[in-house]
Each structure stands twice: as C-alpha cells, then as structure tokens.
Amino acid sequence: MSIARFAKTSPWTMLRGAGQVMFQNNVWTGLLFIIGIFIGAYIENMPEVAWGALVGLVVSTVAGYIFGLPESDGDQGLWGFNGILVGCALPTFLANTVWMWLALIICAAMTTWVRTGMNNLLAPWRVSSFTFPFVFCTWCFLLAGREFAGMAAAHMSAPVIDYTIAPLDCHSVWDFIQYWLKGVAQVFLIDSWITGVIFLVALAVSSWRAAIWAGVSSLIALVMALLWQAQGSSVIGGLYGFSAVLTGIALGATFWKPTWRNSLLAAFGVVATVFIQAAMNALLAPIGLASLTAPFCIGTWLFMLPRLKPSVTSGNE
Amino acid sequence: MSIARFAKTSPWTMLRGAGQVMFQNNVWTGLLFIIGIFIGAYIENMPEVAWGALVGLVVSTVAGYIFGLPESDGDQGLWGFNGILVGCALPTFLANTVWMWLALIICAAMTTWVRTGMNNLLAPWRVSSFTFPFVFCTWCFLLAGREFAGMAAAHMSAPVIDYTIAPLDCHSVWDFIQYWLKGVAQVFLIDSWITGVIFLVALAVSSWRAAIWAGVSSLIALVMALLWQAQGSSVIGGLYGFSAVLTGIALGATFWKPTWRNSLLAAFGVVATVFIQAAMNALLAPIGLASLTAPFCIGTWLFMLPRLKPSVTSGNE
Amino acid sequence: MSIARFAKTSPWTMLRGAGQVMFQNNVWTGLLFIIGIFIGAYIENMPEVAWGALVGLVVSTVAGYIFGLPESDGDQGLWGFNGILVGCALPTFLANTVWMWLALIICAAMTTWVRTGMNNLLAPWRVSSFTFPFVFCTWCFLLAGREFAGMAAAHMSAPVIDYTIAPLDCHSVWDFIQYWLKGVAQVFLIDSWITGVIFLVALAVSSWRAAIWAGVSSLIALVMALLWQAQGSSVIGGLYGFSAVLTGIALGATFWKPTWRNSLLAAFGVVATVFIQAAMNALLAPIGLASLTAPFCIGTWLFMLPRLKPSVTSGNE
C-alpha cells in the first residue's frame, strides 16, 4: 500500500463508507449519516455509540489498506460500511469497558477481511454480501459477551423461551409518524425520529428514489406490524422498519430497473422481509440476540436470486 | 402470460403440483393426494387444513404465471407442491384468523418465487431445492406467529429447553400398522392411517417403486424409533416417518438407477434421515418449531452430493 | 474394490487418518495421536473414548472402500480423520449402551460419504470440508441422544438459557501450563495435559512448524480467555484452545506460504477463532450441545476465502 495514496483518499473513502450502508456512494450522504448518528446518540445519552461508529469506520477502512485489498473497493467506500455498523452495535449491547473497545477494533477490522471472502462465496451468483459481514461478526462478538465477563452482554435482552405479545393500544398520529421515522433511524441502531429525518434528507441528497423507497418501506413495515398486531415495544422502537428500509432501497432503488413490475416485486420483497424480521426476533429470543440487518440480507438475497442464474451453468451449457 | 394458456393448463398443473410433493408428475396421484388430505383433515376435524391446502396450491401455481416464470416448470406442477404444503402447515399450527389466511396467501406465493432462487443457488451441483422453499417460508411464518398476535402460534408446541423421553410401552400389531401408515400420511401433515393408505395407493398409480420405497422407508423409521426408544408421542403420530418416506422415494425411486448397490445406499440415506429427524426435533424444541420436511431435504442433499461434482470445476479442469 | 489392495493399504491408511486430524499425512504422528488418546482416556477413566476412537477410525476407513470412493483419498488417510473424532465424541457425551455403539458405527461410516459431498459443495472455492463432516454428523447424533432413550445424552451439559460467568481466580504458573497443554489435547476431546505433550511431540515428528503453531495458538487462546475473563471452567478444561490450535496449524503451517505477512494474518485468524468459539458456546447453551471443532472450520474458511476466487467467475471472465 502507498501511504501517500492512503492519506489522500481515505477521508472521503470513509464518508463514502458511511453512505454505502444504504447503498449511496456519496460523501455528503455519508457526512449527514454521521451527523444523524451523533445527534441521535447524544439525544439517547449514548455517546459511546457515536464514537464507536467513528472508530469502526476508521478501523475497517484502514484495515482494507493494511490487508492489501483492491483499492477500487476502498475508493467506493466498500470497506467502511460494515465497520461503522459494528461500531454502532457493540457499544449498544455490550458493557463499556476497555476490552469491549479492543473487541470493537478487532471486529471492525475482521469485517473488511470477511467481506472479501463472503463476496467470493457469493460471486457465482453475482450478488454481494451486503451487510452480512457486519451481521455475522457482530453476532459472534455479542454472543461472546455472554461468555466474556470483560465485555459483558450488559444491554442485550435477557434470553427467554416463551413470552406473551403485548400489541400496541391506541396512539396519536404524531406517535405513528415517530415510529415510522425511527424505522429509518434504526438502520444505524439509533432510536430517534430526528435522526430518521436526517437520514431521509441524506438519502435524498444522493437519490430521490432511494429516499422514497426508504420512507415507503418503513411505512409498509409499520402498517403490517399494526395489522398483524406485533409486539408493541418493537413497533414503538421502529424495530420492524430498518431491515424493510434496506430491502426497499436495494430492490426498489439500486439493483432492479425501475419498472412497474419490478416495483411491485420489490414491495413484495419488503413484505417478505417484515415476516422474516418477525421470525428472526422469535428465533433469536432464546439467546437474547438482536437480528441486526440479517432479515434485509436474507430477504434481498431471496428476491434477487431468482434472476441470478449462476455463471457456472451458463459456462457449461 | 397468456390468460388463455393459463386457463387451459392450470387445473392439471395444480393436480400435478400435488403429486410432485412425492416426486410424481401425475394428475391422478395428485387427485388422490388431495382426496386423502380432505378425508384425513375432516376425520381430524380440522377442515381448515384441507381448504388451506387447496388455497396454497392454487395461489402458488397462479403466482408462477404472474411472476412470469418459465411455464415448462408450471406444466410439470413444479410451482404448486411447495404451496400445497404451506396450505397444510399454516392452519395446522396457527390460529384460524383472517390474518392467518392472508399470511397463507403471501407465504404460498412467496414459495414459487423463492424456489426459483434456491434452484439457482443449487444449480452448480445439479440438485434441486426439493421442498425446502416450503420449509424455509413456513418456518418464517410459523415463527412470526410468536410475534404477531393476529396469527398467534396457537397450536405450536410450547418451547422447552429440557424434557424427559417417554418411550412407547407395549402396543398391539394393529397399533404399529397405524403408526407405520401415519408416517406416510404425515408428509402432508395429516395424522390419519386411512390417509396413509390412500397416499400409498396414489403412489402406486404412478410408480410401484415409489410406493414400495415409501412403505419400506416408513417401516425403517418406525423400527429405528422403537429400537432407539424414541419419544413415544412422536412414534404414535408417525412423526419419524414422513421425512424418511420422502428420502426413500427420492434416493430409491427417483434420482438413482435401481441397482442393488444404490438401493443399499438409499436405505442408508433413510437411516441417516431418521437420526437427522431426531436431531432437528431436539434442536427446534427451545423454539417449539416443527422440523417439517427439512430432515428429508438435508438427508437427500447429503447423500446425493457425493455423486454431484459441481459443473464449475469440471468446467475449468 | 480389490480386497487385496484393501488389506495391504488400510493399516497405514488408518494411522495416516489419525494424523490428518491435524493435517499431518504421517504414520508416526497418527500412531502417537492414538497412544495419546489411550493414555489420556485411561487417565480420565473413560476407556470407551479410546476404544470408540479406534472403532470410528476403522469403520470410517473401511467405509471408504465399500462406498468405492477414490482410493487416492484413502491412501492419504482422508477417510479416517472424521471417523476417529466421531469415535471420541459419542462415548464422551452419550450413555455407553449397545445402541450408542451401533450409532457410532453408523455415524462414522456416514462421515466418509458426507465428506465427499461437502467437498463437492466447496469445490468451486478450492477449499475442503476440514473436520466439518465430523461436526455435522456428531451434532446430529448427540442431539438425537435427547430424543432417543436408547442412547441418552447422559454426559451432555444441561440446556440453559441464562447463566452467570465465573472467571478464573488466581492460579499457579503450573496450572496455566496444564490449561495450555489441555488446549492441544482437547482436539481429540481429551482432558489431560500429558496427552497435550504427546500430541505436540507427535506434530513435531511430522512438522516443526505445525508443532510451534499448535503451541502458540493454544497460548493465544489461553491469554485471550484470561484477558476477557472467560468462564473459568472452560479455561481449566482447555476448551478455548482446541479450535484455535487447528486454525493455527491450518493457516500458519499448512495452507499459506510462511511469510511474515501471512503469519500475522494467521494469528489474526486464531484470535477470530477464539471469539467464534465463545460465541458458539453461548449459541449452543440452550440445547446443551458442544461446539466441537466448528469454530475452527468457520474461522479457517472465513480467513481462507478472501484468497479463493471461485473457479466459476474466473471461468467466465
């Protein structure tokens, strides 16, 4: 790696990395995302989440140069987007100790290496690993928090094998608007509607279509959660929205041509993602683990794969 | 899609879809399967299971035309077999509400799309997704029933993390014959030996070999469950039989040439499937989820893969 | 298969099979491994583990000839290494009944067939299945022990959904040396530091590099477990060491060229494996299942994949 080149490109690379979490290779979108994270984290009185995001972003991006990975990826910010999410997640769920911070650095660097491998794994189907490197590595480190007293799983929900559902009782329209906006903010694990507004603006700066799909997808998730009477606390926290938002942006505004047919299929993908989200919440309850953005990865892969004949067979026919 | 063609082919397509659950591209087998489902469901006093099967079959087949998938698949009934199983499973485990029925329609349609993707995923190894689209989508919707009060997991077994095994005490030969037949009936989640008889007849109409392997496999599963002293309630319900039956038909009467060597290997695959079944029952107990036909998919993939060199490498060597 | 050839090659094949557990295609290493297993098992007063290892080794190797698999694999001992581990694991966790022994034979034979399939599955990425056939099949049979009273899961840890971590209090240096050596012995599920010494010697006979990486990796795991204050009982048993040891030998002394850069990356892989180990311990706690060598397989695949572009895409570019 050339230090000069590293020094030159990396600040922008990092902002692009933040933007790439929602598929936007755009410096300003990334900057607004980070501003939204800081505002939300300080409103929540959890500054460690904001600083963790910065550390994760820097470490994962620098790691790409140290590992000597192709710099074309780095230039598009494809090294940092998993790391920034790791930086949001670990301080959200684990005790704020020096060992947690060391683990955060290890985990963030790991995502950059793991992403290259997962992309090789998915290469035959011409689909990428999305945020799954973040999901997989973070799951490992969060679960490790149940074995390591040095980074105890202090803020993870207690494991339960059975529980009752307490659906939402009547709320004001203004409440629902907040839940809808929180659905967007939770992409970065931020529980604040103000951050949701900033994120929608950040998307619009780069792509109107992406901003619209983010809003519509969070709305679909909210309406479904109400119709099927989902756990009220999840609805209030916007926890049905974030994966739906990412699936919506991916299918509706990133990978498929914007035809009517594709838009309907993308909306179907968002609906499927909401059911997958509910399923993963129940599946992970006995270990008290958050589903993170796994429902988005699974839902988007499932809906993209039917159109992705592996290069293999075509190669042999 | 051409409405004309759709109207012309789909009734037969649907019957073939029912038959394809046990690998029989045969209208009469499919018809007898549906008759067996209705008789069994009404004997069990669970008519919603029978009607759910019909709805799932129709929706998943129609979905194939709407999604514009290759009609050659539709003509062989390869769109409907996952959907009919979804239609049997959801009313069996979830509360009978309007939201469950809407979920059933969404889930059945989803299987048709997901199947195409899973087949692309498995294409390099020249193996198909079998009933796994049904398994995966149904798992999602059943687990969602633990989060959505609108389609509560009313009839799913309660999650348990530990329990004692109550093996079967002495029973009459006639009892064992019923358990053996139920093993075949449970392929469609029907707990009735009469349905088991109808299913065996339905198979014989299309293929003697398939009928014999179904019977033999259910017998192997029953004998093993008794020798290893499995949970009595599972044996009585025929719950060790259905996946073994499908593995037996797949390996013994569908994909491998009927040599002695292959027949012994197929029987070994059936034995392995019974252990995988027991393992999945224990694995899924903490979330109170049924293993559905996953043990069949896993067992059959595991035993077919050694003979399926990926087209990739051959393509490159 | 030719009986003559079988009789001629198999004794050596079997010793090589024992050696291949730690990637050593060496008769003497295999012999010392078996000696270490017997000494450790008898010290632990668990002779069935040692005899199980022998049975598993013989059955899985003979199975390769019976299945008619390519004998080049057999000659390198690639049929036996999963079987010997099955033979160590089942008597360790299941009740010592005739049905357990029959299950052991079925499971050991199954690994030889399943390995061929898993290798086909991984062929596009030019990586092998390592000990995962052992892990997968053993998981199935151990979990089946919770459903089958005939081979009850007598010695598996009770399922728990929540527990407190009791880190290690002060110990003598000699204690730590024992834990470090046990980390190596646990590769074959042996809880004895003496066996650890024998295993290190066995490795040195075949490869100094492998022996050094085994020792270093077990040390890294021990130090990390202490720094992050892992469950004391796991540290005392050397249960953080064995997967790290295998990852270290695989990345540091088997698959990658021994450059400084690669050595640092291999050490990073060992660190990652320790976190994955902790995660799997927590993940499997609700079903009281041991993680076996899965953390090694996952960690090593994750770290090798970034350098393994699938042959597919290269084939099409």
Proximal component of B:Leu284, with respect to chain C [non-hydrogen, under 4.5 Å]: neither
Under 4.5 Å from a heavy atom of chain B, the part of C:Ala109 involved: both
C:Asp75/C:Arg16 salt bridge by N-O under 4.0 Å criterion: no
Rounded distance [0.5 Å steps], CG in B:Leu292 versus CG in B:Leu189: 6.5 Å
Interface residue of largest heavy-atom contact number with chain C, from B:Ser234, B:Pro306, B:Ala279, B:Ala282, under 4.5 Å: B:Pro306
Residue part contacting chain B, namely of C:Phe67, when any heavy atom lies under 4.5 Å: both
B:Ala214 backbone acceptor or donor facing B:Ser218 side chain under 3.5 Å: no
Sequence neighbours excluded, every pair satisfying ring-ring contact (aromatic ring centres under 6.0 Å, His included) that has a member inside residues 241-260 of chain B: B:Phe23-B:Phe255, B:Phe130-B:Phe255
Exercise: do C:Thr112 and C:Ser60 side chains pair donor with acceptor under 3.5 Å: no
Contact origin within B:Arg307 toward chain C - heavy atom pairs under 4.5 Å: both
Which portion of C:Ala152 sits near chain B, non-hydrogen atoms under 4.5 angstrom: neither
Between CE on residue C:Met156 and CD1 on residue C:Ile287, distance to nearest 0.5 Å: 7.5 Å
Among the listed options C:Gly288, C:Cys137, C:Ala103, the residue most often paired with chain B at heavy-atom distances under 4.5 Å: C:Ala103
Proximity breakdown for B:Leu227 and chain C, heavy-atom pairs closer than 4.5 Å: both
Region of B:Ile165 that comes under 4.5 Å of a non-hydrogen atom in chain C: side chain
Proximal component of B:Phe303, with respect to chain C [non-hydrogen, under 4.5 Å]: both
Aromatic ring pairing B:Phe176/B:Tyr179, orientation class (parallel under 30°, perpendicular over 60°, tilted between): perpendicular
Contact leader toward chain B among C:Leu143, C:Asn120, C:Thr116, where contacts are heavy-atom pairs under 4.5 Å: C:Asn120
Segment of B:Leu283 engaging chain C (4.5 angstrom heavy-atom cut-off): both
Worked verdict on B:Ile276 versus B:Leu302 for side chain to side chain contact (heavy atoms under 4.5 Å, CB included): CA-CA 11 Å; B:Ile276 295 168; B:Leu302 277 180; 4.3 Å; yes
